[in-house]
Amino acid sequence: MGPLEPPDATLAERVRTAFARDPSLHELGIRVTVISAQRRVALAGVVATLERRERAGEVARVVLPGFAIDNDLAVQQLAAPEPERLP
Amino acid sequence: MIRIAAVGDLHVASDAVAPWRDALAPVSRSADLLLLAGDLTRSGTLEDAAALVEVLAPIEVPIAAVLGNHDFHADQPDRIAALLERIGVSVLDGSSVIVELAGARVGIAGTKGFGGGFEGACASDFGEPEMKAFVRHTQALAERLESALSALEADLRIALLHYSPVAATLQGERLEIHPFLGSHLLGQAVDRAGADLVLHGHAHAGSERGTTPAGIRVRNVAQPVIRRAYNLYCFADGLGRREDAHPDAEGGCRS
């Protein structure tokens, strides 16, 4: 019997750690969901640029080779403000 | 009318200069002051800081900022602060600045702040040196914030932080990570010193509005929370009279 495959949450944490360490990302807020049974990893949240979105997909692919990447990351929208009046 | 633009967690690097520069351009027309609540850069490198300078240099209103944990990552916070100070940004680190706006003195006291958690679930100044260092870092920053705020002689006093002073604006974040997102010591410091508004960032999944235990307004202006380039907080000239806000075409304040 071979070694047990780590639980999905452990694999997700490996991806999150890689996101935090990667110099092109340093992203701490990406939500990672791993479903080993389907060999899939889903990424969700918001990053600053399209390049960082794509980079997150590449990093996840390196950490979990053979997994399909569902890259649902959005690129931040920098809309105009809605003022709040304070006394 | 005093119009204060605020945002945190810009995470600027060379790949994000143009969108941020364009998004912040209206600040020069629609606000009197820009406050930045930390995590100004992605990685805290000098390259990131140079990109940040490109974003902020065209802005024509006074800017005050605190650094965040990302700005410390490359161990060069002092050099980042120096680059920002060179273009006129006041980088607050347990210190304060006063800006004269519309005949009023607006005082801003700022600190990065740090973690430790909130009432009922706090880290203690006890045990291993690493644990004591963690808690004491927050204690020291909270004390410096309280001193800086208390000493401010201003018509409007604002506390600017990166880490949160209250749990209320962390709503949406997992409870398990609250100790890494802020500390009640910061909230207590603000309540003892008094302030008209507290701004912070850092908690990307938190919520915008809360109050300290004494009832001072707290706003989490982390960009992923406000989902805008910045928020605009408008104080009436009398600083005490409440009026309705009407956004103008650029999302500015008008009477």
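Reminder, nothing fancy here: chain letters follow the sequence lines and each chain counts from 1.
- Of the atoms belonging to B/Ala205, not a single heavy atom falls under 4.5 Å from chain A.
- Among the candidates A/Leu78, A/Val46, A/Leu25, the residue making the largest number of heavy-atom pairs closer than 4.5 Å to chain B is A/Leu78.
- Salt bridge B/Asp155/B/Arg105: absent, no basic N to carboxylate O contact under 4.0 Å.
- Between the side chains of B/Ser183 and B/Thr138, no donor N or O sits under 3.5 Å from an acceptor N or O.
- Under a 3.5 Å cut-off, the side chain of A/Thr49 and the backbone N or O of B/Ala16 do not form any donor-acceptor pair.
- Looking at B/Arg209, the atoms closer than 4.5 Å to chain A (heavy atoms on both sides) all sit in the side chain, from C-beta outward.
- Residue contact with chain A, scored on non-hydrogen atoms closer than 4.5 Å, involves the backbone and the side chain of B/Pro19 alike.
- Listed for the B/Asn220 side chain is a donor-acceptor partner under 3.5 Å among the backbone atoms of B/Ala203.
- Salt-bridge annotation for A/Glu58 and A/Arg61: absent, with no side-chain N of the basic residue lying under 4.0 Å from a carboxylate O of the acidic one.
- With B/His162 contributing its side chain and B/Gly201 its backbone, the two residues share no donor-acceptor pair below 3.5 Å.
- Within the 4.5 angstrom heavy-atom criterion, only backbone atoms of B/Val12 (N, CA, C, O) approach chain A.
- Contacts of A/Leu50 with chain B are absent, with no heavy-atom separation under 4.5 Å from either backbone or side chain.
- Looking at B/Glu173, neither its backbone nor its side chain comes within 4.5 Å of chain A, counting heavy atoms on both sides.
- For chain A, the nearby part of B/Leu197 is the side chain; its heavy atoms alone come within less than 4.5 Å.
- A side chain to side chain donor-acceptor pair (under 3.5 Å) with B/Asp9 is found for exactly one of B/His204, B/His202, B/His70, namely B/His204.
- The residue among A/Arg52, A/Gln77, A/Glu27 with the most heavy atom pairs within less than 4.5 Å of chain B is A/Arg52.
- Proximity to chain A (any heavy atom under 4.5 Å) is restricted, for B/Arg227, to the backbone atoms N, CA, C and O.
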